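Scroll down for the structure; my scribbles are underneath it.
Lettering follows sequence order; numbering is per chain, from 1. Computed from a predicted structure; not experimentally measured.
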There are 2 protein chains.
Amino acid sequence: MRSENAAAVRQLDLFRNIHDDTFHTLIETSFLQRFPRGVTLIRESEPADFLHVIVDGLVEMFAATDTRETTLDIVAPVGVFILAAVLNDKAYLQSARTLEPSNILMIPAEKVRLAMETDPAFMRAIVMELARGYRRMIKDLKGQKLRTGAERLANWLLRTEKDQGHPGLVEIRTEKRILASRLGMTPENLSRAFSTLKAHGVTVNGLRVEISEPEALAGFAKPNPLIDDPENAVWLAID
Amino acid sequence: MRSENAAAVRQLDLFRNIHDDTFHTLIETSFLQRFPRGVTLIRESEPADFLHVIVDGLVEMFAATDTRETTLDIVAPVGVFILAAVLNDKAYLQSARTLEPSNILMIPAEKVRLAMETDPAFMRAIVMELARGYRRMIKDLKGQKLRTGAERLANWLLRTEKDQGHPGLVEIRTEKRILASRLGMTPENLSRAFSTLKAHGVTVNGLRVEISEPEALAGFAKPNPLIDDPENAVWLAID
DNA sequence: CGTTTATTTGAAAACGCTCAAGCTCTGTGG
DNA sequence: CCACAGAGCTTGAGCGTTTTCAAATAAACG
């Protein structure tokens with residue numbers, strides 16, 4: 001692994017304060033692999049063999065039944081996924097696939113569990129990561145149960161505008177059908193939700209969305225810190 | 001605190017294998033308090049001051065906006081709640097209220113964080129608890145996004161039948177409107193979902209539900225281990 | 001440039017919510 | 001023990017939202 005990548009991984013909250021030896025052990029037994037776009041990295045129900053770190057690219061976490069499929073999360077660099085399955089030594093609950101060509105660091109699950117037992121700082125970081133992830137899930141569930149589709153979209157726009165740092169402009173970084181699935185609706189419904197938001201100053205041009213009246217949009221969205229505020233934006237750059 | 005209660009709390013996965021001193025420190029600075037039914041124990045957005053352990057009774061975790069409210073979980077003895085908020089030292093994302101007269105053990109958040117730092121076994125238990133909770137949330141979110149209301153009810157019935165251990169019979173242990181909210185629907189809709197399930201061998205008598213054709217019901221519910229299987233039934237006796 | 005894939009639009013159906021009324025159950029006080 | 005009030009539950013009607021299916025348009029890719 002190139003040193004710049006290692007340095008980036010080291011900056012993750014999960015690894016930032018752990019012992020050098022621990023980090024070394026984790027890294028040296030890992031694979032850094034490049035995947036093209038559209039590759040399924042892990043499949044639900046398979047045993048959790050590796051902790052995955054996305055070094056570069058974009059990854060979609062999703063789950064499916066016979067007939068339906070939904071996007072649970074979109075993970076951007078530098079981010080970690082399926083930590084909980086690795087720790088519990090259970091099957092993955094989610095599948096993962098690349099949305100863009102991606103560099104993925106795969107750390108053997110066994111090594112993660114071992115490192116956790118030997119390095120208190122690492123275990124501590126794991127606790128914080130899990131607690132954050134847990135709370136993030138609750139927020140998602142609250143949004144899903146308490147809001148309509150258009151409201152979820154409006155709040156997603158407001159939050160993403162803030163994350164991306166360009167006032168009045170949001171760029172959708174995935175296909176719209178992925179965003180729709182992430183927000184818990186069909187692609188058709190996302191189109192209609194955008195139409196609804198036209199009345200509140202939202203204009204769509206392809207993957208570029210303009211927000212001309214932030215106050216009006218916020219009035220419709222009724223954003224709620226206990227649903228929308230990220231507690232840590234480090235590995236949540238995308239959504 | 002009476003010794004039988006202390007023993008019950010000690011049996012929790014979270015405390016089972018921790019050091020005696022740690023357990024003592026946690027317990028001796030805690031309050032065991034009795035609450036009548038219908039008391040709000042914690043409110044969303046308030047700072048997380050205590051880790052709560054339900055020793056006896058029943059507690060509803062819920063969240064609300066201006067106009068809507070939803071039940072996120074129902075916690076039965078002996079169970080722990082809002083661990084993640086305590087660890088992150090952030091505001092509660094959920095409110096909690098008693099559904100029955102309840103004995104609640106309240107452990108100062110500060111003590112929990114301190115004990116975690118001094119007792120590796122406790123930190124380890126916290127990791128496992130959080131990982132389980134995280135995965136439980138994912139399952140809930142999957143159910144919410146991938147299933148209709150009637151499907152969620154059907155799967156809830158099948159799982160609860162198994163949990164309660166009486167083949168062919170499920171007893172609803174809360175008001176139906178709470179169950180409806182837990183399943184992500186209105187009380188009216190729950191009634192109609194039960195009507196739908198009549199065709200698959202489900203008969204309702206007040207809070208008693210009879211399942212006369214488990215295979216037929218399962219055929220409708222299409223249960224999925226990656227959504228429905230509990231990974232730990234210890235503090236999930238109710239739902 | 002043509003083919004494929006994604007997005008949008010329209011129409012119809014399914015689903016879920018709200019409102020209102022009636023019913024059931026429970027607990028209280030006469 | 002009965003009557004009654006209050007709360008919860010069910011049912012019906014109407015409505016709004018979301019999904020599905022189908023077709024048209026737009027965009028992306030070779």
(request) For Ile178(A) and dT7(C), give me the distance from atom CD1 to atom C1', rounded to whole Å. (result) 13 Å
(request) Figure out the CD/P separation between Gln144(B) and dC15(C), and round it to whole Å. (result) 16 Å
(message) Is the positively charged end of Arg43(B) above the ring of Tyr92(B), judged by distance under 6.0 angstrom from the centroid and angle within 45° of the axis?
(response) no
(request) Please determine if a side-chain N or O atom of Lys176(A) lies less than 4.0 Å away from the OP1 or OP2 oxygen of dA27(D). (result) no
(request) Would you indicate whether Arg34(A), at its atom CZ, is surrounded by more than 12 heavy atoms from other residues, nucleotides or ligands within a distance under 6.0 Å? (result) yes
(request) Let me know the distance between CG of Leu190(B) and C1' of dT18(C), rounded to the nearest Å. (result) 16 Å
(message) Would the distance check show the side chain of Lys139(A) and the main-chain N or O of Asp229(A) forming a donor-acceptor pair, the cut-off being under 3.5 Å?
(response) yes
(message) Could you tell me how far apart Asn205(B) (CG) and dC25(C) (P) are, to the nearest whole angstrom?
(response) 9 Å
(message) Judged by each residue's nearest nucleotide on DNA chain D, which is more toward the 5′ side, Glu188(B) or Gly149(A)?
(response) Glu188(B)
(request) Taking only the side-chain heavy atoms of Arg192(B) (C-beta and beyond), determine which of dT7(C), dT11(D), dT19(D) contains the nearest atom. (result) dT11(D)
(message) Which is more 5' along DNA chain D, the nucleotide nearest Asn189(B) or the one nearest Met185(A)? Just name the residue.
(response) Asn189(B)
(request) Check the surroundings of atom CZ in Arg68(A): do more than 12 heavy atoms from other residues, nucleotides or ligands lie under 6.0 Å from it? (result) yes
(message) Just N and O in the side chain of Thr148(A): are any of them under 4.0 Å from OP1 or OP2 of dT17(D)?
(response) no
(message) If I take atom CD in residue Glu175(A) and atom C1' in nucleotide dT8(C), what distance separates them, rounded to the nearest angstrom?
(response) 15 Å
(request) For Leu153(B) and dG16(C), give me the distance from atom CG to atom C1', rounded to whole Å. (result) 15 Å
(request) Using atom CZ of Arg208(B) as one end and atom C1' of dC25(C) as the other, report the distance to the nearest whole Å. (result) 15 Å
(message) If I take atom CZ in residue Arg68(A) and atom C1' in nucleotide dT18(D), what distance separates them, rounded to the nearest angstrom?
(response) 12 Å
